[in-house]
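First the proteins, then the strands, lettered A, B, ... as listed; each starts at 1.
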Amino acid sequence: MKKVLLSLAFLSTMAMLQLNAGEQFAMSDADRAMYKEMLENNPADIYVEEGGELFEKLGDEAALAKFLGVSEKELPKYIAGFPRYIKKLGNVVGIDQVLQAMQVEQGKEKTKLKSGKMFSMLAYVKSLANDELIAIDVEADEHIKAAYALGEKTYMTPRGGRGLSCNSCHSKDIVGQVLRTQPLPDLGEVAVGGTWPAYRMTKSSLRTPQRRFQGCMKNALLKVIPIGSKEMVALEVYVTKLAKDKNKKISIPGLKR
Amino acid sequence: MRTKIKCLALTTLFLSTSASLCAADLTKAYDMPNATEMIKKDLFPAATKYTMPKSCNLNDAKAIARGKYMFHNLNGKKAKKPAPEGLVKFVEKKGKDGKVKKKPKQFGNCVACHNIEGAKGAGNIGPSLIDYKALFIDTKARDAQFVYQKIADPRVDNANTHMTVNLTTKLFNEQEICDYTAYVVSVKNKK
């Protein structure tokens, strides 16, 4: 609890700093130093803990390993390879969808993909793979190949009121330039696939990668597509591959501006 | 397939007593909502050429004021100052349930990418538009038609542009593109 309070204290200081920060950048050097310190006391740790408790109701890691058809020892590496094609689910899916299937198999109520509880559980399960290299294999089978292709297409397609695509703002030739005080991140370099679910300071809550994608869609006026849709999972596949290509590791929960 | 057959045999034998004996079909056990149609509806036509309408009065102070307002603001909810004459902050839209709802009107937020006189927190993805008239119009490097086309649909002269498309997507109408154009090519105070 002390840890949490400390984090909250940091947060309010952050908020104050944000107000005084220069106009060019959304994050000043002082903010950045604070951010480093916060990494040690990530406010999202409580969500991950909550996720662990919720996950316990479904069984333990052994139950998950069994469901996925891998040994407990292999489980962390296997988790580091999501999203992946799961034969008995018939699709390329995220960990959250695996958890739903486990719930249904056990006769329990499905937790909604977009609910805070699911975000927490997802964060907990993904954190089991912490320190593993991101291990997505987009050549593993025809299904993941197709998902990767769909992800690339979804990423590249301009749409919405302003005619923008993800690539409009995240392509290699534009990274680091400033969009209204925010430097545009290289989605591979910041390891989206390895650092989300993350605590989003500007939203004071835990967000999953797909929830983060929705944020960009909303801001840029692209029609927001639902979490868990084929295209969303495919986007996660595409973006996770970007981080894999940079040999990034899993480190959950992340901490973001 | 084998499990299914075994399953079937077992269920007939025990008159479907125990589901746990056979592997349940989990292919529908999780949510996978459909987004394909949503994305399809969100697409818009290919690069389109436009001619600046004759009705475009680039010297109209009111048009310049509207262009300025839309240039510096993201939408009617975020915009703090009252909207200039001929512009509203909220528009009424029919929702899915048929009810009319007030929604913030979207503006250009051009300042997210372009610096210009008096800009606050300008981005640098697009070129600076400071002193645009003196540097580009008076020197004949550009004309108003070029600016109009660029704002309406920048893909015409740059297929891989990072700039927003503003007329072909129907987010704005011709008059509004005129307003932006008038503002960009106008003489402005330095601050």
Please round to the nearest 0.5 Å and tell me the distance separating atom [atom1] of [X] and atom [atom2] of [Y].
X      : Y      : atom1 : atom2 : value
A:R159 : B:K40  : CZ    : NZ    : 14.0 Å
A:S229 : B:E37  : OG    : CD    : 13.0 Å
A:C169 : B:I125 : SG    : CD1   : 6.0 Å
B:D31  : A:K112 : CG    : NZ    : 8.5 Å
B:I39  : A:T154 : CD1   : OG1   : 5.0 Å
A:S168 : B:M163 : OG    : CE    : 12.0 Å

Heavy-atom proximity to chain A below 4.5 Å, by part of B:T168: neither

Side chain proximity check, B:V165 to A:R162, heavy atoms < 4.5 angstrom: no

B:C113 side chain near A:R180 side chain, heavy-atom distance below 4.5 Å: no

Chain B contact via A:L179 - which portion, at a heavy-atom distance below 4.5 Å: both

Neighbourhood of chain B inside residues 91-101 of chain A, taking heavy atoms under 4.5 Å as contact: A:N91, A:V92, A:V93, A:Q97, A:Q100, A:A101

Within a 6.0 Å radius of atom [atom1] on [X], are there more than 12 heavy atoms belonging to other residues, nucleotides or ligands?
X      : atom1 : value
B:K101 : NZ    : no
B:N160 : CG    : no
A:K114 : NZ    : no
B:K150 : NZ    : yes

Residue among [options] with most heavy-atom pairs under 4.5 Å to chain A:
options                      : result
B:M32, B:M38, B:K170         : B:M32
B:T161, B:T27, B:D153, B:N75 : B:T27
B:L26, B:L74, B:N166, B:T36  : B:L26

So which residue, [options], ends up with the most heavy-atom pairs under 4.5 Å with chain B?
options                        : value
A:G163, A:S171, A:P226, A:G161 : A:G161
A:I174, A:V104, A:L222         : A:I174
A:L150, A:I225, A:T157         : A:I225
A:L221, A:L113, A:I227         : A:L221
A:K110, A:M232, A:K88          : A:K110

Worked verdict on B:N34 versus A:K230 for side-chain contact (heavy atoms from CB on, under 4.5 Å): CA-CA 7 Å; B:N34 193 337; A:K230 262 193 166 48; over 6 Å; no

Short side-chain to backbone donor-acceptor contact, B:D42 and A:K223, under 3.5 Å: yes

Verdict with reasoning, B:Y30 to A:I86, per side-chain contact (heavy atoms from CB on, under 4.5 Å): CA-CA 12 Å; B:Y30 54 94; A:I86 303 293; over 6 Å; no

